[in-house]
Amino acid sequence: MKIVLLSPQSDRYGRDGVFGQALRYAPLTLSTLASLVPPELNAEICCIDEWCDSFDPHTIEADLVGITTITPNAPKVYRYSQILRNRGIVVVLGGPHITLLPSEAEQHASAIVVGYAEITWPRLLHDFVAHKLQKRYDLQPLSIDGFPRPRRDLLNEKAYTIMNVVQATRGCVYRCTFCVVPSAWPKQLARDPDDVAKEVSEMKGKTFVLIDLSPSSDELYFGRLCDAFAPLKKYWGGLATINITDNRTLMKKLERSGCKGLLVGIESRNPQTLKTMGKTWHKPDDYLERIKILHDHGIAVNGCFVFGMDGDDESVFDRTLEFVMKANIDLPRFAIATPFPGTPFYRMLEKQKRLYTRDWSFYSGQNVVFEPKDMTARQLYEGVQRIWKEAYKPTSIFRRVGGSLASWNPVLLATSVATNIAYNYYARMYPSFMPIPCEFAFEKGPQPFEIEREAI
Ligand code: B12
Ligand code: SF4
């Protein structure tokens with residue numbers, strides 16, 4: 001039996017840009033699914049990440065194709081699925097978008113897997129072999145401990161800057177209204193920290209990425225994880241919520257663990273916007289101090305901001321830029337608020353009839369897909385382009401990186417300069433990555449449609 005596991009490239013987010021090759025780390029989805037294929041099936045497994053591998057649904061040979069689906073890729077996934085099923089190949093869909101909108105997905109697949117697949121995917125494969133494939137599988141694992149290591153050996157190693165990617169936790173305890181995580185995966189699951197550290201110790205090289213979205217939300221667990229990383233004497237980057245700086249003991253453990261960079265969702269400095277987001281635990285007045293604490297511990301900050309939620313008017317761009325420069329954010333990133341289906345934010349906009357389109361390929365974080373309240377769609381789209389350009393012009397890079405205490409470490413300084421140069425290219429090319437700046441937004445106005453309510 002031949003199984004092909006596919007992660008498709010989205011229609012509108014090209015692989016020609018800097019992120020096509022330069023800054024990619026190997027995602028865990030395909031390698032995890034490959035590791036869960038029961039050995040007794042003796043299956044030949046092929047992983048295809050369309051960011052770096054070619055894929056033609058008209059010629060690919062397989063008995064079963066499993067496709068991972070995030071929202072902006074969904075239209076393409078459904079097209080691929082149609083072509084493959086027309087050729088008699090069984091297509092199984094899974095991933096965040098399928099979990100958020102299972103009844104839409106069911107129409108485009110031989111079978112779907114809702115939620116985490118640790119229990120259901122092996123069961124589905126046994127059913128397939130026994131000619132008993134069901135249409136939908138959604139039994140959630142109660143733990144993510146004790147599963148085989150991801151099959152990283154099946155990925156195209158040369159295509160990624162970093163192969164050492166590991167996951168310790170899934171889900172998040174917070175409930176931000178725009179985020180898919182609480183809607184798709186409401187329960188937080190965590191692996192044994194010692195086993196995570198063992199997995200890292202088995203990896204070649206001195207660096208790794210921890211892709212967990214919110215590992216620090218359970219401070220006790222995160223402290224144990226940092227303690228387990230410390231003796232490995234490796235360097236790592238990951239994600240954390242900004243309130244991690246409240247806990248000085250944890251900050252010390254974090255520093256000792258080898259953490260050198262964190263992606264932090266700062267999102268906004270506007271209290272009204274933070275309220276719309278459900279991030280009332282963010283205290284914008286403390287942001288400067290918190291970023292300084294991270295820098296003082298030798299941690300570079302990849303600060304993410306979201307624009308266009310209710311409460312954001314046109315002045316938000318200048319105010320955010322001023323803050324980014326003052327805080328010396330090592331690597332700022334700017335996104336347009338995106339109401340992913342299944343989230344409270346989506347439901348609010350749907351109820352208020354403010355959605356422009358349900359062409360999911362526009363739902364990438366770089367397009368305006370709903371009518372903003374306190375500025376026009378064009379102001380939002382152009383404001384985000386402008387802030388990318390301003391924050392990444394050479395003088396801004398020099399000021400930010402030069403002013404960050406994290407840059408005192410020569411390796412971090414080199415990494416920071418290199419990534420800033422890559423983002424400078426991205427900022428300059430931004431409009432060409434989005435050749436159609438959501439024509440719906442600027443010309444048609446909100447669209448009169450209702451989406452079927454999903455039972456989530
Ligand atoms: C690594 C990562 C990336 C990487 C690689 C993405 C990729 N396509 O492979 C990079 C940095 C490139 C990236 C980019 C983007 N990402 Co991203 N990314 C992640 C992240 C942090 C981890 C993914 C991962 O490796 N998880 C570990 C594996 C083991 O878990 P998993 O993927 O969920 O898979 C499990 C189940 O879902 C299921 N499953 C998944 N697929 C399938 C398929 C089959 C057949 C089956 C049976 C089961 C199954 O089984 C697995 C085991 O249980 C997730 C957040 C998260 N924690 O999931 C966001 C996430 C997937 N990304 C997201 C987004 C929005 C994006 C971007 C659009 C962001 C942007 N504006 O640029 C781009 C789109 C890029 C693209 N076109 O692919 C969203 C998706 C939202 C949605 N509604 O779909 C997420 C959920 C983050 C979030 N909080 O919003 N991303
Ligand atoms: S945005 Fe971050 S903190 Fe909020 S729910 Fe999502 S993962 Fe958790």
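Counting starts at 1 for both ligands and their atoms, in listed order. Each residue takes its place number in the sequence, starting with 1.
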Can you name the atoms of ligand 1, numbered from 1 with element, that are less than 4.0 Å from a heavy atom of Q9? 77 (N)

For R386, is there an ion pair with E382 - N to carboxylate O distance below 4.0 angstrom? no

Any N/O pair T71/ligand 1 closer than 3.5 Å: yes

Charged N to carboxylate O under 4.0 angstrom, D285 versus R290? no

Which of the listed options, G94, A26, G115, holds the heavy atom that is closest to atom 38 (C) of ligand 1? G115

Flag A117 as yes when one of its N or O atoms lies below 3.5 Å from any N or O atom of ligand 1, and as no otherwise. yes

Establish, from distance only, whether the side-chain atoms of S268 and N270 form a donor-acceptor pair under 3.5 Å. no

Taking both backbone and side-chain atoms of Y25, is any N or O found less than 3.5 Å from an N or O belonging to ligand 1? no

Would you check if there is a donor-acceptor pair between the side chains of Y116 and D138 at a distance under 3.5 Å? no

Does the plane of the ring in W281 sit parallel, tilted or perpendicular to the ring in Y174? Use 30° and 60° as the thresholds. parallel

So, does A335 sit close enough to ligand 1 that a heavy atom of it is under 4.0 Å from the ligand? no

Pair Y392 + Y426: ring centers closer than 6.0 Å: no

Residues passing the ring-ring contact (aromatic ring centres under 6.0 Å, His included) test with F340, sequence neighbours excluded, are none

Atoms of ligand 1 close to P72 [distance to a heavy atom under 4.0 angstrom, numbered from 1]: 68 (C)

Is there a polar contact between ligand 1 and Y116, counting only N or O atoms under 3.5 Å apart? no

Shell check on atom 6 (Fe) of ligand 2: protein N, O or S atoms less than 2.8 Å away are C179 SG

Check this for me - ligand 1, E118, N or O atoms closer than 3.5 angstrom, yes or no? yes

Do side-chain atoms of N164 reach the backbone of M203 as a donor and acceptor pair under 3.5 angstrom? no

Partners of K260 by side-chain contact (heavy atoms from CB on, under 4.5 Å), sequence neighbours excluded? Y235, N409, L412

Contact atoms of ligand 1, heavy-atom distance to V181 under 4.0 Å: 89 (N)

Is there side-chain contact between C52 and D49, with at least one heavy-atom pair below 4.5 Å? yes

Could you tell me whether W185 and ligand 1 have an N or O pair separated by under 3.5 Å? no

What about the rings of F362 and Y356, do their centers lie closer together than 6.0 Å? no

When the aromatic ring centroids of Y25 and Y160 are compared, is their separation below 6.0 Å? no

Out of all atoms in ligand 1, which are within 4.0 Å of some heavy atom of Q366? Include the element for each. 71 (N)

Could you list the atoms of ligand 1 found under 4.0 angstrom from a heavy atom of W51? 75 (C), 76 (C), 78 (O)

With atoms numbered from 1 as shown, which atoms in ligand 1 lie under 4.0 angstrom from a non-hydrogen atom of V180? 81 (C), 83 (N), 86 (C), 88 (C), 89 (N), 90 (O)

According to side-chain contact (heavy atoms from CB on, under 4.5 Å), who are the partners of T120, at least two apart in sequence or on a separate chain? V113, A117, Y137, L139

Of the protein's non-hydrogen atoms, which lies at the shortest distance from atom 2 (Fe) of ligand 2, and what is that distance? K279 NZ, 4.3 Å

Could you list which atoms of ligand 1 come closer than 4.0 Å to a heavy atom of L100? 83 (N)

Compute the shortest N/O to N/O distance between L28 and ligand 1 and return yes if it is under 3.5 Å, no if not. yes

List every atom of ligand 1 that sits less than 4.0 Å from any heavy atom of V92, numbering the atoms from 1 in the order shown and giving each element. 45 (C)

Which residue in the set T169, L262, V200, V166 passes side-chain contact (heavy atoms from CB on, under 4.5 Å) when paired with L210? V166

Looking at ligand 1, would Y137 count as a contact under a 4.0 Å heavy-atom criterion? no

What residue among Y423, F317, Y381, W388 forms ring pair (Phe, Tyr, Trp, His ring centres under 6.0 Å) with F334? W388

